[in-house]
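Presented below is the structure to which this report refers.
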Amino acid sequence: MRGDQEIVMVVRRGAEFLVMRRAPERLGYWSLAAGGLEPDETPLQAATRELFEETGLCAELRPLPVSLSYSLRNDPPAIRVRYAPGVETVTVHAFVADAPQDWEPTLDAEHD
């Protein structure tokens, strides 16, 4: 069950940016590397873990100076049920990582 905080990571390799497509059974949309915090995890710890799990990249992550959040208030019950009871607004912590020029992503089963 999702909580009220999530993370998103911008991965740069020179002038390129990593955008991944979710597997068809996960709706097939394009996105940045992202995820949620596990219990007792800081946003930076979650970003480091998710980045490695989703792409195989182990890199220094730096916070981006942006403030992001979204409301669940108008979402249908099928979406809201994914979140813990009482969660109305989700805060998104954004990070950036620079990948080595010779690095290629190793995608997890969530992406194709």
Side-chain angles (χ1 to χ4, degrees):
M1 183 154 298
R2 298 179 183 182
D4 66 349
Q5 295 187 63
E6 296 176 348
I7 42 93
V8 64
M9 292 79 64
V10 175
V11 178
R12 302 184 298 196
R13 182 178 62 189
E16 299 176 319
F17 293 86
L18 177 66
V19 180
M20 303 178 296
R21 189 176 75 167
R22 300 284 281 185
E25 62 274 9
R26 294 182 175 262
L27 304 179
Y29 60 87
W30 291 89
S31 69
L32 299 172
L37 280 70
E38 294 190 358
D40 299 320
E41 203 172 38
T42 68
L44 179 58
Q45 290 169 330
T48 301
R49 175 184 51 76
E50 287 281 357
L51 181 63
F52 184 73
E53 288 175 1
E54 292 187 3
T55 71
L57 180 61
C58 184
E60 176 189 358
L61 284 156
R62 297 175 310 283
L64 288 171
V66 296
S67 178
L68 305 168
S69 66
Y70 61 92
S71 173
L72 301 173
R73 289 186 187 101
N74 295 321
D75 284 354
I79 298 295
R80 291 183 61 111
V81 73
R82 299 177 188 169
Y83 293 84
V87 173
E88 296 289 330
T89 302
V90 177
T91 300
V92 181
H93 304 275
F95 297 88
V96 62
D98 290 305
Q101 285 297 327
D102 60 346
W103 173 79
E104 289 294 328
T106 303
L107 301 180
D108 65 358
E110 294 180 12
H111 302 91
D112 64 3

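All values below come from the heavy atoms of this structure, side chains included, with hydrogens, waters and symmetry mates left out.
- The main-chain N or O of Gly36 is never found under 3.5 Å from a side-chain atom of Arg2 such that the two would form a donor-acceptor pair.
- Here the straight-line distance linking atom CZ of Arg49 with atom CD of Glu54 works out to 9.0 Å at 0.5 Å rounding.
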Derivation of the side chain to side chain contact (heavy atoms under 4.5 Å, CB included) call for Arg22 and Leu27
CA-CA 7 Å; Arg22 300 284 281 185; Leu27 304 179; 5.9 Å; no
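- Residue Leu18 is tested with Leu51, Leu57, Val11 for a side chain to side chain contact (heavy atoms under 4.5 Å, CB included); the sole match is Val11.
- Listed here is the closest heavy atom pair of Pro24 and Asp112: CD-OD2, 3.4 Å.
- Distance check: Thr91 OG1 to Asp4 CG gives 6.0 Å after rounding to the nearest 0.5 Å.
- Hydrophobic clustering keeps Phe17 apart from Trp103 (ILVMFWY residues linked when any side-chain heavy atoms are closer than 4.5 Å, directly or through intermediates).
- Evaluation of the salt bridge (charged side-chain N to carboxylate O under 4.0 Å, His left out) rule for Asp98 yields Arg12, Arg62 as partners, not counting sequence neighbours.
- Clustering ILVMFWY residues whenever any of their side-chain heavy atoms sit less than 4.5 angstrom apart, transitively, puts Val81 in a cluster other than the one holding Tyr70.
- The distance from atom CD1 of Ile7 to atom OG1 of Thr42, rounded to the nearest 0.5 Å, is 10.5 Å.
- Closest approach of Leu72 and Arg80 over heavy atoms only: O-NH1, 2.8 Å.
- Ala109 and Ala23 get closest at one heavy-atom pair: O-CB, 3.9 Å.
- Taking CG of Leu68 as the start and NE2 of His93 as the end, the distance is 10.0 Å to the nearest 0.5 Å.
- Using a 4.5 Å heavy-atom threshold, the side chains of Pro85 and Met1 count as touching.
- Of the candidates Gln45, Met9, Glu50, Leu61 forms a side chain to side chain contact (heavy atoms under 4.5 Å, CB included) with just one, namely Met9.
- Met20 and Val92 sit in two unconnected hydrophobic clusters of ILVMFWY residues. Membership requires side-chain heavy atoms under 4.5 Å apart, directly or through other members.
- Surrounding CZ of Phe52 are at most 12 heavy atoms belonging to other residues, nucleotides or ligands under 6.0 Å away.
- Taking CD of Glu53 as the start and CG of Asp108 as the end, the distance is 7.5 Å to the nearest 0.5 Å.
- Linking ILVMFWY residues whenever their side-chain heavy atoms come closer than 4.5 Å, directly or via other members, leaves Tyr29 and Val8 in distinct clusters.
- Sorted by first and then second residue, the salt bridge (Lys or Arg N to Asp or Glu O under 4.0 Å) pairs with a member in residues 67-77 read Arg73-Glu88; sequence neighbours excluded.
- With contacts defined as side-chain heavy-atom distances shorter than 4.5 Å, the pair Leu37/Pro43 qualifies.
- Minimum heavy-atom separation, Arg13 to Glu104: NH1-OE2, 2.9 Å.
- Side-chain contact between Thr48 and Phe95: absent, with no pair of heavy atoms (C-beta onward) separated by less than 4.5 Å.
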